[in-house]
2 protein chains.
Amino acid sequence: MATETLITGELKRTIDDRYRLTLPPEMAKAVTDENGKTVMVKERAGCVSLWRAADWQKRLDDGIAIIQQKISAGRMEERWSEVQRLGRLLSTRSRDIQLANRSRVLVPEGFREFLNVQPGGEVMIVGAAICIEIWNPTNWLELLQTEMPEFSPLFKDLSG
Amino acid sequence: MATETLITGELKRTIDDRYRLTLPPEMAKAVTDENGKTVMVKERAGCVSLWRAADWQKRLDDGIAIIQQKISAGRMEERWSEVQRLGRLLSTRSRDIQLANRSRVLVPEGFREFLNVQPGGEVMIVGAAICIEIWNPTNWLELLQTEMPEFSPLFKDLSG
DNA sequence: GATCATTTTGGGTTGGTTACCCACATCACA
DNA sequence: TGTGATGTGGGTAACCAACCCAAAATGATC
């Protein structure tokens, strides 16, 4: 893994009329790999995340290789519909992007609806330890209200 | 199976006034077999898929073989009406098409209503590993929101 | 508090791509 | 053979993302 320190921080940003937003430089650096690549991922409605492309790809590649192997070995004949479903999700789930000027993100087509933001709208940018999340403010607030009570026990659990 | 790499990618396209849409060249190639044939299939309301004709035929044959096996094994005695229904569905389910110039697809009569698009309307084009799917945007967003959380378990299952 | 450095925002330009449009081919049917 | 509906081909204008740069805002330093 490439990042030594956990990514943290929470801030509000507005999305440009061209669907752009700027990240703080440290965050931008944290999600950019040595080739300058980043991946944007759909997490849940109202939330997308950013990862170093290399890290993200590594997580997937092994699994995909196995699946491809199984396909060519004829071991998926009974499970085409599941393969199809996975492929479908795989396609939408993530997209390679590149930060302009080392810090500006263009939210691509397809992620805009998922995030449910319009030009000029606001989003929350949240460090999530191993990645950065971009939240629709409404969904973020919801999450906060439901999950904040769980913070203390979770923190104790993970740090204990 | 003919494709070595899983088909992925997601993009939005508009249907032109004559019910045509343009595929990206790589996608077009991925669903065209050595004879230049493609098959369009009705998946579910709001979604049709495109296959290399050869692959689709093979899938169909395999499925039919299994059913015939069951029939001759006497395991369909109670289910004739279902078999009959299947036969009926098979005939409307798919249609041979051919990609025109500029890798353009003409959505044929009968598939238009199924997709529920009108000329000038938009669709999502989604790589689904072994085929390409064309979605009505509304249905697509719905599916996305409900099924995205299932990605991880499905991925683990198929790659395990 | 003034100056400088850094970050953020806004917008101009450009090149590649798409979608809109029209012209022609084909077919069915009168 | 004419007419209208449908499929096919391709030109072109409009759009958008990538790449700029400049102004504004913010923060740091003396």
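Order of the sequence lines fixes the chain letters, A, B, ..., with proteins taken first and strands second; residue numbering starts at 1 for each chain.
Nearest to the side-chain atoms of A:Pro24 among the listed nucleotides C:dG10, C:dT8, D:dT8 stands C:dT8. Candidate nucleotides C:dC20, D:dG10, D:dA18 were compared by shortest atom distance to the side chain of A:Leu106, and D:dA18 ranks first. Side-chain atoms of B:Arg112 lie closest to D:dG7 of the nucleotides C:dT7, D:dA17, D:dG7. The side chain of A:Arg18 sits closest to C:dG11 out of C:dT8, C:dG11, D:dC20. Considering only side-chain atoms of B:Asn101, the nucleotide from C:dT7, D:dG9, D:dC21 that sits closest is D:dG9. Listed nucleotides: D:dC21, C:dC21, C:dT8. Nearest to the side chain of A:Arg104: D:dC21.
DNA chain D is contacted by both A:Pro108 and B:Ala100; B:Ala100 maps to the nucleotide lying nearer its 5′ end (nearest heavy atom per residue).
A salt bridge links A:Glu82 to A:Arg79: one of the charged nitrogens lies within less than 4.0 Å of a carboxylate oxygen. Ion pairing between a basic and an acidic side chain is recognised when a charged N comes within 4.0 Å of a carboxylate O; B:Lys58 and A:Glu77 show such pairing.
Remark: A:Arg44 CZ to A:Leu143 CG distance equals 5.5 Å, nearest 0.5 Å. To the nearest 0.5 angstrom, B:Met124 atom CE is 11.0 Å from B:Trp135 atom CH2.
In this model, the phosphate group of C:dT18 is not approached by any side-chain N or O of B:Thr22 to a distance below 4.0 Å at OP1 or OP2. Residue B:Arg13 has a polar side-chain atom (N or O) positioned under 4.0 Å from OP1 or OP2 of C:dT18.
When the P atom of D:dA14 is taken as reference, atom CG of B:Asp16 falls 18 Å away, rounded to whole Å.
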